[in-house]
A.B. asks: 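I'd like to ask some things about the structure below.
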Amino acid sequence: MPVIVTPDTFSLVGFDRDEIAAIAEDLLPKVGIDADADVHLDVNEGSPLGWAVVTSLDPVTLNIESGALEDPKRPRQLSPAGAQNVIGRLLLQASDRLDPAFGAPPLDEPLDPALANAWETYSAGRLDQLGYRYADQRQRRLYHFRNRHGFTDRADAVFERLWSGDGLTFADLRALSDEALGTANQP
């Protein structure tokens, strides 16, 4: 099994390790990661919060607080669609980072919040294009994008390009974020 989920047994939440691993295994080839790649998902069941991040690329390791995988209508129970959304978005970002042509900064380099938001938008949009739709992610992501880039027509137009985008590089994401903020270099 290329996907290793920890802990082996959940005691604070009603999650099943094998169900989470199956969700990730289903996503791997769709997001551009070899289905045989070693992937670790470390779920912190001690936190009801929703922080989720890629912490390593060799092997790909995702640290996820259990609140990120939880069904909002059934506390402490796994939301398979929500888990697809969170794990898929992180795997897309890991796939981006593994592709030298994407040009991502080192994993330990902090990102400007607006740029990080642009990457989140791009990742969520690609996941939506793959058919993984959870609740109304588009509207939720648009609201977050506006909070970081402004409530302007310019920001909304850039959001649409990110949401429907494919094949973008990190430099493209930076340029689009700057364009949305109105700080892009003018010719």
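Since we're looking at a predicted model, the values are computed, not measured. Residues take their numbers from the sequence shown, with the count starting at 1.
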A.B. asks: Under the 3.5 angstrom rule, does the side chain of E65 hit a backbone N or O of A52 as a donor-acceptor pair?
C.D. replies: no
A.B. asks: Does any non-hydrogen side-chain atom of L127 lie less than 4.5 Å from one of L27?
C.D. replies: yes
A.B. asks: Would you say that I64 contacts L69 through its side chain, given a criterion of any heavy-atom pair below 4.5 Å between the two side chains?
C.D. replies: yes
A.B. asks: I'd like to check the ring-ring contact (aromatic ring centres under 6.0 Å, His included) partners of F10; sequence neighbours left out, ordered by chain and number.
C.D. replies: F15
A.B. asks: Quick check against the 3.5 Å criterion: does Q77 have a side-chain atom that pairs as donor or acceptor with the backbone of D71?
C.D. replies: no
A.B. asks: Is a salt bridge present between D136 and R140, judged by a nitrogen-to-oxygen distance below 4.0 Å?
C.D. replies: no
A.B. asks: If every non-hydrogen atom of E19 is compared with every non-hydrogen atom of P80, which pair is closest and at what distance?
C.D. replies: OE2-CG, 3.5 Å
A.B. asks: Quick one: does N44's side chain get under 4.5 Å of N63's, heavy atoms only?
C.D. replies: no
A.B. asks: Counting only N and O atoms by type, is there a donor-acceptor contact under 3.5 Å from the side chain of S79 to the main-chain atoms of E70?
C.D. replies: no
A.B. asks: Report yes if some heavy atom in the side chain of D156 is under 4.5 Å from a heavy atom in the side chain of F145; otherwise report no.
C.D. replies: no
A.B. asks: To check you understand the geometry: which heavy-atom pair defines the closest contact between G167 and Y122, and what is its length?
C.D. replies: N-OH, 3.1 Å
A.B. asks: At their closest point, which heavy atom of P7 faces which heavy atom of R17, and how far apart are they?
C.D. replies: O-CD, 3.9 Å
A.B. asks: To check you understand the geometry: which heavy-atom pair defines the closest contact between A35 and P2, and what is its length?
C.D. replies: O-CG, 3.2 Å
A.B. asks: With the side chain counted from C-beta on, respond yes when H144 and E120 share a heavy-atom pair under 4.5 Å apart, and no when they do not.
C.D. replies: no
A.B. asks: Are L115 and L173 close enough that some pair of their side-chain heavy atoms sits under 4.5 Å apart?
C.D. replies: yes
A.B. asks: Test E179 against every option in R154, R161, H149 by the side chain to side chain donor-acceptor pair (under 3.5 Å) rule and name the one that passes.
C.D. replies: R161
A.B. asks: As an exercise, state the distance from CD of Q93 to CG of L57, rounded to the nearest 0.5 Å.
C.D. replies: 11.0 Å
A.B. asks: Kindly say whether A81 contributes a backbone atom to a donor-acceptor pair with the side chain of Y132 at under 3.5 angstrom?
C.D. replies: no
A.B. asks: Does a sphere of radius 6.0 Å around CG in D153 hold more than 12 heavy atoms from other residues, nucleotides or ligands, not counting ones at 6.0 Å or beyond?
C.D. replies: no
A.B. asks: If you count heavy atoms of other groups shown closer than 6.0 angstrom to CZ of F151, is the number above 12?
C.D. replies: yes
A.B. asks: Is the shortest heavy-atom distance from the side chain of D42 to the side chain of V5 under 4.5 Å?
C.D. replies: no
A.B. asks: Quick one: do T6 and H40 satisfy side chain to side chain donor-acceptor pair (under 3.5 Å)? Show the steps, please.
C.D. replies: CA-CA 8 Å; T6 56; H40 295 201; over 6 Å; no
A.B. asks: What is the minimum heavy-atom distance between I33 and A94, and which atoms define it?
C.D. replies: CD1-CB, 4.3 Å
A.B. asks: Specify the closest pair of heavy atoms between R148 and L181, including all atoms of both residues, with the distance to one decimal.
C.D. replies: O-CD2, 3.4 Å
A.B. asks: For D96, which residues count as a side-chain hydrogen bond (donor to acceptor under 3.5 Å, both in side chains) partner, sequence neighbours excluded?
C.D. replies: W119, R126
A.B. asks: Answer yes or no: does atom CZ of R141 have more than 12 heavy-atom neighbours from other residues, nucleotides or ligands under 6.0 Å?
C.D. replies: yes
A.B. asks: Please check if the side chain of R76 supplies one atom and the backbone of G14 the other of a donor-acceptor pair under 3.5 Å.
C.D. replies: no
A.B. asks: Does A155 offer a backbone N or O that forms a donor-acceptor pair with the side chain of R146 under 3.5 Å?
C.D. replies: no
A.B. asks: Are D34 and L28 close enough that some pair of their side-chain heavy atoms sits under 4.5 Å apart?
C.D. replies: no
A.B. asks: Can you see whether T169 engages D172 through a side-chain donor-acceptor pair at a distance of less than 3.5 angstrom?
C.D. replies: yes
A.B. asks: Using only atom types and a distance under 3.5 Å, with no angle test, would you say the side chain of E25 pairs donor to acceptor with the backbone of D36?
C.D. replies: no
A.B. asks: Taking A175's backbone N and O only, do any of them form a donor-acceptor pair with S177's side chain (distance below 3.5 Å, no angle check)?
C.D. replies: no
